[in-house]
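Input: a single structure, listed below in structure tokens.
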2 protein chains.
Amino acid sequence: MSGLSIGQVAERTGLSVHTLRFYEREGLLTQPVRRGVAGHRVYDEDDIGWLDVCIRLRASGMPLTDIRRYTELVRAGQGNEVERLEVLRAHRERVLAQMHDLDECLKLITEKVAVYEGRLGLRDDLRKCTP
Amino acid sequence: MSGLSIGQVAERTGLSVHTLRFYEREGLLTQPVRRGVAGHRVYDEDDIGWLDVCIRLRASGMPLTDIRRYTELVRAGQGNEVERLEVLRAHRERVLAQMHDLDECLKLITEKVAVYEGRLGLRDDLRKCTP
DNA sequence: GTTTGACTTAGAGCCCGCTCTAGATTCTAC
DNA sequence: GTAGAATCTAGAGCGGGCTCTAAGTCAAAC
């Protein structure tokens with residue numbers, strides 16, 4: 001047995017139950033969610049695993065439509081590796097571009113921080129000289 | 001002379017004229033924009049420089065409200081270095097967190113790409129063996 | 001003098017990704 | 001049996017960041 005309620009999945013993934021239902025509607029699950037008593041969703045470990053993939057992709061800025069596309073390919077089963085590679089490689093490019101942007105920003109911050117720290121240091125020095 | 005029209009600034013920064021007006025309204029400029037004939041905006045090199053800072057901060061995900069806050073501190077002139085450092089250091093944390101997320105995603109992609117390439121290679125091998 | 005084109009304003013519209021609400025159902029515990 | 005918690009559906013609402021529109025002004029070119 002490994003039937004998980006939506007609440008349990010929310011807890012384990014860090015997504016809200018709202019977001020879980022939303023993702024399902026958006027087609028981000030590789031399989032239709034089973035339903036238990038009273039029509040309640042029943043997830044399994046595979047769902048958690050796939051959601052973790054989705055979360056990592058989202059965290060790196062992949063739009064929902066692209067995740068859906070990738071999910072569809074996975075859902076369709078083996079034989080579409082070329083398309084899957086296309087999706088992933090395209091995203092890798094964007095991730096690398098983002099990293100570059102972050103790096104640029106980090107440089108800027110470091111530079112500015114040095115300037116401001118310098119000014120503060122200077123002020124301290126002056127204070128020391130006029131006690 | 002170094003008076004630039006909004007169109008020229010758009011060209012040089014890569015922002016649209018719409019976005020430039022929008023940023024101005026949002027308080028992202030360190031000084032009120034001069035106006036020339038017919039009330040047209042006249043920018044100078046300093047504006048370009050500051051906009052480039054804003055662009056880099058935005059590209060790293062800093063929200064407009066934070067950029068505005070930082071802009072206000074800069075506009076207020078020296079003496080608030082401590083606050084500026086607060087803003088920048090807080091953002092640096094977020095940038096580092098994002099880099100971590102991107103790194104995680106890159107690992108995932110690399111892993112998946114290897115799997116799919118493996119499957120494709122396998123298929124090629126089989127084809128070679130049954131010519 | 002009229003057309004073209006770059007500019008002005010205020011404000012509406014849009015896309016994305018959630019996030020929340022309302023009202024109903026059902027299980028669990030007291 | 002009744003209260004409370006968790007779930008369900010459909011659909012509305014929201015915040016961020018643009019993006020665009022409409023109606024108007026002005027200068028230069030023809």
Side-chain angles (χ1 to χ4, degrees), chain A residues 1 3-29 32-44 47-48 51-71 91 94 98 101 105, chain B residues 1 3-29 32-44 47-48 51-71 90-91 94-95 98 101 105:
Chain A
M1 88 119 259
L4 298 158
S5 74
I6 195 169
Q8 290 171 316
V9 174
E11 187 136 341
R12 283 189 50 187
T13 59
L15 299 170
S16 73
V17 295
H18 300 295
T19 301
L20 283 170
R21 295 194 196 100
F22 171 67
Y23 278 5
E24 182 183 339
R25 245 181 294 155
E26 291 293 304
L28 298 202
L29 292 180
V33 184
R34 268 190 299 145
R35 295 306 180 113
V37 279
H40 289 196
R41 289 171 177 81
V42 178
Y43 298 82
D44 59 30
D47 293 319
I48 300 264
L51 282 167
D52 281 338
V53 169
C54 293
I55 288 166
R56 280 199 272 175
L57 292 175
R58 273 300 301 140
S60 65
M62 186 185 269
L64 290 181
T65 48
D66 293 8
I67 304 184
R68 169 166 47 228
R69 163 103 178 108
Y70 181 44
T71 304
H91 188 55
R94 274 171 301 176
Q98 270 190 82
D101 287 349
C105 183
Chain B
M1 88 119 259
L4 297 157
S5 74
I6 195 169
Q8 290 171 317
V9 174
E11 187 135 341
R12 282 189 50 186
T13 59
L15 298 171
S16 72
V17 294
H18 300 295
T19 302
L20 282 170
R21 295 195 196 100
F22 171 67
Y23 278 5
E24 182 182 340
R25 246 181 295 155
E26 291 294 305
L28 299 203
L29 292 181
V33 185
R34 268 190 298 144
R35 296 305 179 116
V37 278
H40 289 197
R41 289 170 177 81
V42 179
Y43 298 83
D44 59 29
D47 294 317
I48 300 263
L51 282 168
D52 281 339
V53 168
C54 293
I55 287 167
R56 282 199 271 176
L57 292 175
R58 272 300 300 139
S60 66
M62 186 185 269
L64 290 181
T65 48
D66 292 10
I67 302 184
R68 168 166 48 230
R69 164 102 179 107
Y70 181 44
T71 304
H91 187 55
R94 275 171 299 173
V95 168
Q98 270 189 81
D101 286 349
C105 182

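Quick caveat, the model's predicted, so the values are computed rather than measured. Throughout, protein chains are lettered first and strands after them, A, B, ... in sequence-line order, and every chain is numbered starting at 1.
Put simply, CZ on A/R58 and CG on A/L64 are 5.0 Å apart, with the number rounded to the nearest 0.5 Å. One distance of note links CG of A/D101 with CD of B/Q98; it measures 10.0 Å at 0.5 Å rounding. Summarising the geometry, atom CZ belonging to A/R12 is positioned 10.5 Å from atom CG belonging to A/L51; distances are rounded to the nearest 0.5 Å. For the atom pair CD1 of B/I6 and CD of B/E24, the computed distance is 7.0 Å after rounding to the nearest 0.5 Å.
Atom CG of B/L20 and atom P of D/dT19 are 12 Å apart (whole Å). Between the NE2 atom of B/H18 and the P atom of C/dA12 there is a distance of 17 Å, given to the nearest Å. Per the geometry, NE2 belonging to A/H40 stands 16 Å off P belonging to C/dA24, to the nearest Å. C/dA10 atom C1' lies 15 Å from atom CD of B/E26, rounded to whole Å. Rounded to whole angstrom, the span from the CZ atom of A/R25 across to the P atom of D/dT9 amounts to 9 Å. When the P atom of C/dC16 is taken as reference, atom CE of A/M62 falls 15 Å away, rounded to whole Å. The CZ atom of A/R34 sits 16 Å away from the P atom of D/dT7 (whole-angstrom rounding). As rounded to whole Å, 12 Å separates atom C1' of D/dT7 from atom CD of A/Q8.
For A/R41, a side-chain nitrogen or oxygen approaches OP1 or OP2 of D/dC8 to under 4.0 Å. Put simply, A/S5 has a side-chain N or O that comes within less than 4.0 Å of OP1 or OP2 on D/dT7.
Ranked by how close their nearest DNA chain D nucleotide is to the 5' end, B/G61 and A/G39 are led by A/G39. Sequence order on DNA chain D of the closest nucleotides to A/R35 and B/L64 puts A/R35 first from the 5' end.
Contacts of A/R21 with the nucleic acid, taken as non-hydrogen atoms under 4.0 Å apart, include base atoms.
Of the candidates C/dC20, D/dG17, C/dC18, C/dC18 carries the atom nearest the A/Y23 side chain, counting heavy atoms from C-beta on.
Remark: side-chain polar atoms of A/R94 are not paired, donor with acceptor, to backbone N or O of A/M62 under 3.5 angstrom.
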